[in-house]
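Below is one structure, written out as structure tokens; comments come after it.
First the proteins, then the strands, lettered A, B, ... as listed; each starts at 1. Scope of the values below: all heavy atoms of this structure, side chains included, with no hydrogens, waters or symmetry mates.
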Amino acid sequence: MSIKGKAAIVGYGETEFLKRNPGDRSNYTEYCRAAKLAIEDAGLTKDDIDGLISIYPLDEEPTWTEDLQEYLQLHPRFLDNVYRGGASGNAAILYGAAALAGGLCNNILIVAGSVMDPKRIYEFGLETGTAFERDFDSIYGPMFNNSAYAMIKRRYMHEFNATDDQFAHVVINARYHASKFPNALLKKQVTVDDVLDSRLICDPLHLFEIVMPCVGGCALVMTTAERAKDTKNSPVYLLGGGQQFDRGLWNPAYGYERSLTTSPVKLAAKYAFEMSGLGITDMDFVELYDCYTITVVISLEDIGWCEKGEGAAYVEETDLTYKGDMPLNTDGGQLGRGQPNPGIHLMHSIEAARQLMGRAGDLQVEGATFGLSNGNGGSMADQCTLIFGNEIP
Amino acid sequence: MSTEIEYTKPLPTIEPETEEYWKAAKRHELFLQRCNACGEVIHFPRVMCYRCLSEDLGWFKSTGIGSVYSFTIIHQVAHLGFESEVPYVYAIIDLDDGARMISNVVNIDPSAVEVGMRVQVTFDDVTPEISIPKFEPIS
């Protein structure tokens, strides 16, 4: 049995992203407000929600989903707490669709957010490592995921003669879209020089190539394909989903094919396309997890958009805007909007839904029918690729 | 060898499966595990071979020679203990013995480090109990 086309996103909501918590935002404000917006957007009431998945805030316990259920006095008959790093949101959507297709619930709310101080995020990374990470990694002074992705970028540049100039185009595209997207924090457009002049955090990664942690919440509501026929918004069907988990969450030295430049995205995307019956050329846009520039370049290759080693040249030479040859991260992505981790885990699929509902305003991809969203966790360790469509092929 | 100044960076905890590794490091020897059942070379130390799931693992002394697989020059730290070190090199080393490990490349200007550079192990005696294996260019 396949879950292709059995469930659909019918509503979504996001709180206003902020660079810093002004003091009146909490994990509860972000989760509850995003949830309310999503439920209202779906044209449903709180009592229609009989499924709940949350991705718990980094500074809370895994029991957070039960806390949230109690706080909002929800009465779900399906409840789960998903944590797969940056792949959490897409994984939650995939598991939610499976629960809907399997008859475990009818309307599922998926929610995530963050108010965490950026400095605290780095401390958190050091505190939560497992014993072997402390003993054989932390003693050498890693800088959380920044140092891991910097090593991935360095290796990529070495293997494929890629240049910093090429990577800068990922940022240029993100900032261009962000400049037109209402709920984005980094709206100032940049040039190649601006990116290369931003300071080196972990050489060869510059500040502008790295996401900015921020405050915000994201939520969406999914329902069964049957019910979706009568909802307020035009349904966005989940047509395919695939996952692959490999490598360590923080440390990329072990795992997938012992290569830093080929990622488990390759398998996750393969499984997703197989389920959907579609191919990469059917996609009208892609929303890729863009925690760093290098993540986008490797993901582009591994979803099959271009050949291995050609991604950096491709982003330099191709029009990646919403009106271009292959629209990429049409809301600005994380590099343009900011990263409310783990709320961000839902952001890329929300943008896919926005496009496929035809609600993307100035950034609408004309005639968008099918789109791909990828979630990436750890040091390109956890991957979940989803294929969406506003029709079932 | 003891240090006069308090060591403020993270230290390893000695676990039953890592005790031999840290004892050897104190003697300035880099120890790796080898699976007696399938021959896989294993680092970091474990109770079980990740290839064949055997628990029959033994130790051998590595030549400590290898190549830089990739690296980054860290300019901004996550742990304040490293603040006085910036910029420093955090790297993946592929040992000729077959293991891959995270380490630092030291005793070289960070801007001179390259992917593929040949390196050898050197030990940093950070406390009376702990010596940390790092790598330097082969002289």
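A donor-acceptor pair under 3.5 Å is absent between the side-chain atoms of A/Arg154 and the main chain of B/Thr72, judged by distance alone.
Residue contact with chain A, scored on non-hydrogen atoms closer than 4.5 Å, is absent for B/Tyr50. Contacts of B/Asp94 with chain A are made by side-chain atoms alone, with heavy-atom separations under 4.5 Å and no backbone atom involved. In this structure, the portion of B/Leu11 lying under 4.5 Å from any heavy atom of chain A is its backbone and not its side chain.
Distance check, rounded to the nearest 0.5 Å: CG of A/Asp135 to CH2 of B/Trp22 gives 6.5 Å. The CZ atom of B/Phe71 lies 12.5 Å from the SG atom of A/Cys202; values are rounded to the nearest 0.5 Å. Atom OH of B/Tyr90 sits about 11.0 Å away from atom CG of A/Asn146, to the nearest 0.5 Å. Residue A/Leu207 holds its CG atom at 8.0 Å from CD of B/Gln76, rounded to the nearest 0.5 Å.
At most 12 heavy atoms of other shown residues, nucleotides or ligands fall within 6.0 angstrom of atom CD in A/Glu61. For B/Lys61, the NZ atom counts as loosely surrounded, since its 6.0 Å shell holds 12 or fewer non-hydrogen atoms of other residues, nucleotides or ligands.
Of the listed residues B/Gly81, B/Pro12, B/Pro45, the one with more heavy-atom pairs under 4.5 angstrom with chain A than any other is B/Pro12.
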*Apply the test side-chain contact (heavy atoms from CB on, under 4.5 Å) to residues A/Tyr140 and B/Ile132: give CA-CA distance (whole Å), side-chain angles for both, the deciding distance (0.1 Å), then the verdict.*
CA-CA 9 Å; A/Tyr140 296 112; B/Ile132 295 180; 3.4 Å; yes
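Listed here is the closest heavy atom pair of A/Ser138 and B/Pro10: O-CG, 3.6 Å. Of all heavy-atom pairs between B/Tyr69 and A/Arg155, the closest is O-NH1, 2.9 Å. Residues B/Ile102 and A/Met151 approach most closely at CD1-CE, 3.9 Å, considering heavy atoms. Considering every non-hydrogen atom in both B/Phe82 and A/Ile139, the closest pair reads CZ-O, 3.4 Å.
Looking at heavy atoms from C-beta onward, A/Tyr156 lies out of side-chain contact with B/Ser70 at the 4.5 angstrom threshold.
Ring-plane geometry between B/Tyr21 and A/Phe136 is classed as perpendicular, the angle between the planes exceeding 60 degrees on a 0 to 90 degree scale with a lower cut at 30.
Taking 4.5 Å as the heavy-atom cut-off, the residues of residues 103-118 of chain B that approach chain A are B/Ser103, B/Asn104, B/Val115, ordered by number.
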